[in-house]
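Before I ask anything, let me first share the structure, which is written out below as structure tokens.
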Amino acid sequence: MTHTPQPTSASTTPDPLLVPLTEAVEAALPATVAELGALVRIPSVSWDGFDADQVKRSAESAKALIEGIGIFETVELARAPIEGDTLGHPAVLATRKAKNGKPTILLYAHHDVQPPGHDEDWDSPPFEPTVRGDRLYGRGAADDKAGIMAHVAAIRAFVETVGTDFDLGLVAFFEGEEEFGSRSFANFITENREKLAADVIVVADSDNWDITTPSLTVGLRGNVTFKLKVSTLAHASHSGMFGGAVPDAMLAAIKLLATLHGEDGAVAVEGLTSRESQTPEYSEEKLRHEAGLLDGVSSIGDGTVLSRLWDKPSVTVTGIDAPTVMNASNTLTPSVTVKVSARIAPGQDPEEAFVALRDHLEANAPFGAHLEISDVDKGSPFLVDTSGWAVEVVKSAMHEAWGNEPLETGIGGSIPFISDLVEVFPEAQILVTGVEDPESRAHSPNESLHLGVFKRAILTEALLLAKLERRA
């Protein structure tokens with residue numbers, strides 16, 4: 001039995017295509033989920049050290065899906081240089097020109113994924129799509145192969161409903177290295193500027209408030225990441241002979257990293273800024289549940305929970321290279337290397353944030369420890385201009401597809417390439433949407449996609465296409 005979403009009392013007259021688009025989306029959903037599963041089976045990790053051929057295979061599969069719709073004038077695999085002769089991973093780029101003054105919409109998602117981590121941390125194999133209850137589990141099931149399939153399925157439903165003779169311009173851009181920093185992105189959009197030019201850009205790589213309430217992401221934190229090497233000795237020395245008089249690198253690193261935060265866990269780096277904004281209600285209990293805080297472990301920072309997640313900086317040590325417990329010997333470690341990942345508040349320049357972090361570390365190095373910073377990566381935060389007409393159009397589509405009013409939300413994560421889109425396409429209206437929810441666990445073991453959210457995200461986008469096609 002087909003379920004038609006009902007607009008809430010605050011809604012205007014339902015879109016005339018709501019019912020047929022809903023029927024088209026629901027009828028195709030089993031096949032759409034199966035195609036998503038086929039994409040999830042491809043271990044398209046774009047990081048160095050993983051098989052680049054799998055990323056190419058993923059791109060080819062995504063290209064075949066777009067070609068199969070049959071309405072694009074050009075469909076290609078394209079790559080751009082990172083620097084010199086080094087090329088980035090392949091992206092899918094498909095275009096269909098607008099006619100009769102209609103707008104063009106660019107649909108973005110990425111087909112590469114995060115590394116899976118340890119198989120034993122997963123309840124089912126990471127690259128074996130598995131449905132349990134109302135969720136599809138697997139690496140990339142949510143982030144962001146579901147974004148690709150949401151675009152594909154929305155276009156299919158739109159074409160099935162209105163036919164192939166429509167005037168709306170369409171561009172599909174499926175990137176292949178977002179999880180590795182989008183290193184060729186700026187060059188790619190510069191080289192393909194004419195093909196990518198659009199009035200509206202939908203970035204389907206965010207989340208929703210919960211499984212029944214849609215969100216339009218209007219604020220994203222930026223990021224600064226780097227490797228930090230802390231050294232105190234020219235070589236390892238016997239811990240019994242010299243311990244107590246000679247500082248080892250681990251001691252120095254621990255003391256140095258501890259200076260990044262105050263007693264309450266709030267970031268204590270002078271020069272990292274915060275932003276003031278109103279945030280929706282979000283309880284400590286909800287935070288504990290969604291983040292998986294253990295009993296007795298407190299949250300950190302000050303201010304409302306969402307201000308800490310959306311509008312304040314954070315600093316996290318995401319990796320450490322040091323002797324393993326198994327290989328530990330009674331020696332003083334000469335050097336320790338850590339990976340530092342900082343999120344910066346909307347409104348702060350990432351170079352300014354990096355300088356603040358670097359200066360703090362250099363000023364607080366204990367015992368005269370030597371510091372070396374390398375592999376610096378910086379991404380800008382982003383605030384959506386919500387005054388454009390496209391925001392109201394997509395919120396209307398969300399409302400009708402979900403039956404609930406959408407929320408405008410921030411997100412603690414980063415999508416740094418959006419600043420590149422703004423620079424190259426300053427007139428385009430950028431809409432950050434998504435298929436995830438708070439239980440999706442993107443980047444973590446047991447990543448999953450809620451199939452009800454997936455269906456509503458597809459319907460939202462199909463409605464958005466229909467509304468843009470009717471726009472004068």
Side-chain angles (χ1 to χ4, degrees), residues 1-32 66 69-72 96-107 147 149-172 198-202 204 208 211-216 386-408 428-435 451-472:
M1 180 176 177
T2 297
H3 166 69
T4 301
Q6 298 297 315
T8 63
S9 57
S11 177
T12 56
T13 304
D15 191 287
L17 294 183
L18 176 59
V19 171
L21 285 172
T22 300
E23 292 172 346
V25 169
E26 291 193 341
L29 191 62
T32 302
I66 281 291
I69 301 174
I71 54 92
F72 285 94
R96 176 189 171 106
K97 291 182 180 180
K99 296 180 291 186
N100 298 320
K102 295 297 183 180
T104 295
I105 180 170
L106 186 157
L107 305 175
M149 285 311 308
H151 291 327
V152 170
I155 297 170
R156 286 172 175 166
F158 172 70
V159 171
E160 180 180 331
T161 303
V162 307
T164 59
D165 186 21
F166 57 88
D167 294 335
L168 179 68
L170 281 175
V171 180
D199 302 287
V200 178
I201 299 174
V202 175
N208 295 283
I211 62 172
T212 60
T213 309
S215 298
L216 180 67
T386 58
S387 64
W389 56 264
V391 168
E392 289 308 311
V393 175
V394 76
K395 287 170 67 175
S396 173
M398 286 178 170
H399 188 185
E400 293 176 77
W402 290 66
N404 284 320
E405 289 281 3
L407 295 177
E408 293 183 4
Q429 299 184 64
I430 297 177
L431 307 174
V432 183
T433 66
V435 294
L451 296 177
V453 170
F454 185 46
K455 180 180 72 174
R456 289 185 283 277
I458 296 169
L459 180 56
T460 295
E461 191 164 292
L463 280 166
L464 175 61
L465 296 178
K467 291 174 186 294
L468 293 180
E469 167 65 9
R470 293 196 303 270
R471 185 172 177 83

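Numbering of residues begins at 1 and proceeds along the displayed sequence.
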| Where the side chain of E461 meets the backbone of A154, is there a donor-acceptor pair that is under 3.5 Å apart? | no
| Under the salt bridge (Lys or Arg N to Asp or Glu O under 4.0 Å) test, which residues partner R96, sequence neighbours left out? | none
| query | Should L29 and I458 count as side-chain neighbours, where that means a heavy-atom distance under 4.5 Å? | reply | yes
| query | With a 4.5 Å heavy-atom cut-off, do T104 and L106 have their side chains touching? | reply | no
| Between L17 and F158, does a side-chain contact (heavy atoms from CB on, under 4.5 Å) hold up when you go through it step by step? | CA-CA 9 Å; L17 294 183; F158 172 70; 5.8 Å; no
| task | Answer yes or no: is there a side-chain heavy-atom contact under 4.5 Å between L168 and P103? | result | yes
| Side chain to side chain, N100 and F166, heavy atoms closer than 4.5 Å | no
| task | Could you tell me which non-hydrogen atom of N208 sits nearest to which non-hydrogen atom of S215, and how far apart they are? | result | OD1-N, 3.1 Å
| said: When you compare the side chain of T161 with that of P20, does any pair of heavy atoms fall below 4.5 Å? | reply: yes
| field | Contact check, side chains of I155 and L107, non-hydrogen atoms, under 4.5 Å | value | yes
| task | Could you tell me whether a side-chain N or O of R456 sits under 3.5 Å from a main-chain N or O of T212, the two making a donor and an acceptor? | result | no
| request: Compare every heavy atom of A157 with every heavy atom of L21, then report the nearest pair and how far apart it is. | output: CD2-O, 3.6 Å
| query | Does the pair L170 and L465 meet the rule for a side-chain contact (heavy atoms from CB on, under 4.5 Å), with working shown? | reply | CA-CA 9 Å; L170 281 175; L465 296 178; 3.9 Å; yes
| note | With sequence neighbours left out, the residues meeting ring-ring contact (aromatic ring centres under 6.0 Å, His included) with F454 are none
| If you measure from CD on E392 to NE2 on H399, what distance do you get to the nearest 0.5 Å? | 12.0 Å
| Side chains of S396 and E400: is there a donor and an acceptor less than 3.5 Å apart? | yes
| said: Quick check on K97: does its NZ atom have over 12 non-hydrogen neighbours (other residues, nucleotides or ligands) under 6.0 Å away? | reply: no
| query | Is the shortest distance from a Lys or Arg side-chain nitrogen in R471 or D199 to a carboxylate oxygen in the other one below 4.0 Å? | reply | no
| query | Is there a side-chain contact between V391 and E408, using heavy atoms and a 4.5 Å cut-off? | reply | yes
| K467 NZ to D15 CG distance, which is reported to the nearest 0.5 Å | 4.0 Å
| query | Minimum heavy-atom separation for V200 to A390, with atom names? | reply | CG2-CB, 4.0 Å
| said: Just so I know, are the side chains of K102 and L468 near enough to count as touching, which here means a heavy-atom distance under 4.5 Å? | reply: no
| CG-CD1 distance between L451 and I211, expressed to the nearest 0.5 angstrom | 11.0 Å
| Can you name the one residue among L459, L407, T433, L463 that meets side-chain contact (heavy atoms from CB on, under 4.5 Å) with M398? | T433
| Rounded distance (nearest 0.5 Å) linking atom CD1 of I105 with atom CD of Q429 | 10.5 Å
| message | For a salt bridge (charged side-chain N to carboxylate O under 4.0 Å, His left out) check, start with the C-alpha distance between K455 and E26, then their side-chain angles and the critical distance, and finish with the verdict. | response | CA-CA 7 Å; K455 180 180 72 174; E26 291 193 341; 3.0 Å; yes
| request: Could you walk me through whether E469 and D167 pass the side-chain contact (heavy atoms from CB on, under 4.5 Å) test, one step at a time? | output: CA-CA 7 Å; E469 167 65 9; D167 294 335; 4.1 Å; yes
